[in-house]
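Take a look at the structure set out below.
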Amino acid sequence: MATIRTENLNYTYGIGTPFEKTAINNINIEIKPGSLVGIIGHTGSGKSTLIQHFNGLLKPTSGKIYIDDVDIWENKKNIRDVRFKVGLVFQYPEYQIFEDSVFRDVAFGPKNMGLDEEQIKQRVTNALESVGLPLSYLDRSPFELSGGEKRRVAIAGVMAMQPEVLILDEPTAGLDPRGRDTVFSLIKDYHKKTQCTVLLVSHSMEDIAKYADTLLVMNNSEVFCYDKTVSVFEKSEEIQQMGLDVPQITRVFNELKKRGVNIGEEIYTVNYAKKLVLEYLGKAGEKSC
Amino acid sequence: MLKDITIGQYFPGQSIVHRLDPRYKIIITLTYIIMLFAAAKIPSLIPGVIFAVTALILSRIPFSLIGKSLKPIIPLIIFTTILNLFLYDGDPVIKIGFIEIAYDAIETSIMTIIRVIFLIAGTSLLTYTTSPIMLTDAIESLLAPLKKINFPVHDLAMMMTIALRFIPTIIEETDKIMNAQKARGANIETGSLAQRAKAMVTILIPLFVSAVKRAGELALAMECRCYRGDVGRTRMKQLKSGAKDYIAIILTMAFLALVFVLNFAFRNLELF
Ligand SMILES: Nc1ncnc2c1ncn2[C@@H]1O[C@H](COP(=O)(O)OP(=O)(O)O)[C@@H](O)[C@H]1O
Ligand SMILES: [Mg+2]
């Protein structure tokens, strides 16, 4: 299982032009194998730039990236292997579909890995199951599917490479609420099933807090904090000031606390909130008896 | 990389060159090109060179940017220079073994090099200092007389505006799709020629699909806003010319006249 580690990572776009822009600044993080990390930050905070370093699509302006303690840029020839190890699903991945059947498009990655027919078939089938599409779709043209289905085909295209780390850049952007829930729970199930490291990028705290065990909060090209989800929510006030939304339920409980009803802290899922409220009411009930 | 393509890119600014009326800027640029090509002797190129350098300094566009737009034409310059040097008949002034180089060949080569470099530098300056929208507005306005013979000037200008507007978008998108396919192990920068050609297909198909889709959406959006072509259409930003434009064009003409004067004065010049 792969561990990703960065060391003083910097990246600047358009060096030497009037549009020069430092997109990530001095990033030092380590991503533990098997974790499900949520990467959040407002638009333009550098999330997409950061993740494109993890599979060697962008070469850092300065600093290093290690995968399993190997500097990925030490030997340029190995970059392609890094890309098979760290799978990246871009934002709006349905735009990368180019084959005339779902099977062929999903098989593109495994084929590039040089696998044999049998293995490719196996992987494509597995990937399609992982994204919850029926196998009858294999022979259909991806261009005639619905938006959400296309998105899932594109995600399957990366899952089929069976990377040790799967990164998804805003996988639910532009989907309706139901599509969003479907995609998130697919990813959650995939993580549970494969025990891979999964990195989930989003600009919405509401969505990601439910799924990630660790959060990396980016602000103005830098890491604001990188910690367990619970601990990050201790800073919910500051996160709100950064212009990020915290979940509605967190806002409700922060407000309650301000008004003197202290039920609990760092609440970010409705289920947990329900449990605490019931406990609280139970206690209150006992007292009043 | 694709991102390094700078031709046709606009660098916003407030310099005098930026603020000139784009119609005049186009005429000035055309005159400048004539300046370069009307020069018959090396000294006659000097006005054009001084003209371009002055404009460049006034525009506050960094020299390095112009250098960047010149980079792709270096092979072309080298190639034409070699052809010029060896394929020119005349009295040889230099002899190295069987290689003979004529005086005329040297003169022509030097002039071609200067012409090509300054041609690219000057025209890049026009696109660096004028937004694509202004440029097409100016072209439409300059070609307006052709409307009399039913030439679709407006439609042509609109097509150009849209094309220019979407160049950066399409470059960005190409970059994105390329990265997405690379992430799936496509051999775009490495791999054999056949593999690369195959990888191009994986980029071109998605690019076409989205371009066609975008064109449809854009047409629909334009129709929704009642776009019906030229008829009865007014502009929010009218092109306006003023004293600075008149002065600029008079100066340009003076430079052009100077070229002809120099041509005459140095008509018998032999440098060595
Ligand atoms: N290809 C690019 N060229 C120039 N600047 C870019 C490019 N991609 C992103 N940027 C800039 O880098 C910054 C970070 O962008 P990005 O990593 O896409 O942020 P996020 O994914 O968090 O929205 C932004 O200010 C953006 O404008
Ligand atoms: Mg992004």
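All chains are named by letter (A, B, ...) in the order of the sequence lines, taking the proteins before the strands, and each is independently numbered beginning at 1. Only heavy atoms go into these numbers, but all of them, side chains included; no hydrogens, no water, no symmetry mates.
- Contact between A:F108 and B:A186 at its shortest, heavy atoms only, is CZ-CB, 3.8 Å.
- Here the CG-CD distance, from B:N179 to A:Q96, works out to 10.5 Å after rounding to the nearest 0.5 Å.
- With a 6.0 Å radius and a threshold of 12 heavy atoms from other residues, nucleotides or ligands, B:K244 has its NZ atom above the threshold.
- Within a 6.0 Å radius of CZ in B:F208, no more than 12 heavy atoms belonging to other residues, nucleotides or ligands are found.
- Among B:N187, B:V209, B:I177, the residue making the largest number of heavy-atom pairs under 4.5 Å with chain A is B:N187.
- More than 12 non-hydrogen atoms from other residues, nucleotides or ligands lie less than 6.0 angstrom from NZ of A:K193.
- Atom OH of A:Y95 is separated from atom NZ of B:K213 by 3.5 Å, given to the nearest 0.5 angstrom.
- In terms of modelled atom types and a separation under 3.5 Å, the side chain of A:N55 and the main chain of B:A183 share no donor-acceptor contact.
- Smallest separation of non-hydrogen atoms from B:G185 and A:F84: CA-CE2, 3.7 Å.
- Minimum interatomic distance between A:D105 and B:R184 (heavy atoms only, all atoms of both residues): O-NH1, 2.8 Å.
- The part of B:P12 that comes within reach of chain A is its side chain, from C-beta onward, which places non-hydrogen atoms under 4.5 angstrom from that chain.
- Under a cut-off of 6.0 angstrom, the local environment of CD in B:Q14 is sparse, with at most 12 non-hydrogen atoms contributed by other residues, nucleotides or ligands.
- Residues A:F19 and B:Y10 approach most closely at CZ-O, 4.0 Å, considering heavy atoms.
- We find the CD-NZ distance between A:Q52 and B:K176 to be 9.5 Å, quoted to the nearest 0.5 Å.
- Around CZ of B:R60, the count of heavy atoms belonging to other residues, nucleotides or ligands within 6.0 Å does not exceed 12.
- Around atom CD of B:E172, no more than 12 heavy atoms belonging to other residues, nucleotides or ligands sit under 6.0 Å away.
- In terms of heavy atoms, A:F98 sits closest to B:I205 at O-CG2, 3.6 Å.
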